[in-house]
Number of protein chains: 2
Amino acid sequence: MQRMTRQRLAVSETLAEIPEFVSAQQLHDELTARGDAVGLATVYRTLQALASAGEVDVLRLSDGELAYRRCARREHHHHLVCRACGTTVEIDGLTVEAWASLVGDSHGFTRIEHTVELFGLCPECSAEDAADPETVGEAR
Amino acid sequence: MQRMTRQRLAVSETLAEIPEFVSAQQLHDELTARGDAVGLATVYRTLQALASAGEVDVLRLSDGELAYRRCARREHHHHLVCRACGTTVEIDGLTVEAWASLVGDSHGFTRIEHTVELFGLCPECSAEDAADPETVGEAR
DNA sequence: ATAAGACTGAGAACCGTTGTCAACTTGGTC
DNA sequence: GACCAAGTTGACAACGGTTCTCAGTCTTAT
Ligand SMILES: [Zn+2]
Ligand SMILES: [Zn+2]
Ligand SMILES: [Zn+2]
Ligand SMILES: [Zn+2]
């Protein structure tokens, strides 16, 4: 039976207040900074649980680490993420959904799953980039 | 200046003979099995070099590890990979390419990059799966 | 209040990957 | 061919994110 604990609440609520995708470690740091410390192992466990319950989305950053985000919609969707500041836009991929199953079918594959993520520079970071390409960090 | 060594040749040639995506460690094992041993660090270095030279494709498996494959075409493309046996089909994604830049533009994002991979069960593995869903391994 | 068992957290373990550095090639030069 | 500068190798250590362990703690049903 699932129990309600201070730790789970802290993880869940804090995650809800962060609009960008964050790694388990970043969230752990944030919790600590807020004086709401939770063990790192618990942060990992809780995020996994939230993810497999479909309450949060998981994304694998280019360096391989996992990042989590509480998205507005629970239905399947994709993300457009700013590489410099992390700003994230939720995208529904009707076009890609159709494309994916079409491609799968045409090759006789079944049980198709797809990974589709978009990365770029958001409007603000694009402006900075145009002004001086060197200063635009590639944070994620 | 880049030099030609026994090790680089072994890695490059062996990779060319393996039709599936393989991890650095799998390739290292294969080389050892073929009596053509190459140090693990060298396998990693060589694969990185081949990848950044655009000679091989890199894919991140669901467990996070990197896998490499010498694809037939050097132009940008995507993959449809069998989760059970690794069979891989190269896909060109004209539809997704267009979709990705359209979505990026419509949100004012620039320098869009995309990650698009399809996973499923190939025709043979689909047949096994239909016969007995329990026996179909989920190797990758 | 009590007890069963779910949960926590410090630290160890894990595992893919990268760094280190002395010894070993390779390839151009004489 | 001999020589040398510098690219390359590989055993091993180190790294970083994630998972495991397990004794102690807390939640919840009764
Ligand atoms: Zn989302
Ligand atoms: Zn989708
Ligand atoms: Zn390819
Ligand atoms: Zn593409």
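To find a chain, count down the sequence lines: A is the first, B the second, and so on, and within it residues start at 1.
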Taking C-beta and beyond as the side chain, do A:T115 and B:R60 meet within less than 4.5 Å on heavy atoms?
no
Do the side-chain N or O atoms of B:Q48 get closer than 4.0 angstrom to the phosphate oxygens (OP1, OP2) of C:dT18?
yes
Task: Any A:Q2 side-chain nitrogen or oxygen under 4.0 Å from OP1 or OP2 of D:dT28 - done: no
Checking A:R74, A:E75, A:H79, A:R73 against A:H77 for side-chain hydrogen bond (donor to acceptor under 3.5 Å, both in side chains), the one that qualifies is A:H79
Is the phosphate of D:dT19 approached by A:Y44 (side-chain N or O, under 4.0 Å from OP1 or OP2)? no
Rounded to 10°, the angle between the first-five-pair and last-five-pair axes of the helix from C:dA1-D:dT30 to C:dC30-D:dG1 is 30°
Sorted by position of nearest nucleotide on DNA chain D, 5' first, the leading residue of B:G39 and B:M1 is B:M1
### Task
Establish, with yes or no, whether the OP1 or OP2 oxygen of C:dT25 is under 4.0 angstrom from a side-chain nitrogen or oxygen of B:Q7.
no
Could you tell me whether the side chain of B:R45 has a donor or acceptor atom within less than 3.5 Å of a complementary atom in the base of C:dG19? no
Kindly assign one of parallel, tilted or perpendicular to the pair A:H114 and A:H76, based on the angle between their ring planes and the thresholds 30° and 60°.
perpendicular
Any protein N or O atoms within reach of nucleotides 25-27 of chain D? Criterion: under 3.5 Å, listing atom names and distances.
unit_1 : atom_1 : unit_2 : atom_2 : d
D:dT27 : O2     : A:R3   : NH1    : 3.0
D:dT27 : O2     : A:R3   : NH2    : 3.2

What one should report as the nearest heavy-atom pair of B:A84 and B:C125 is CB-SG, 3.7 Å
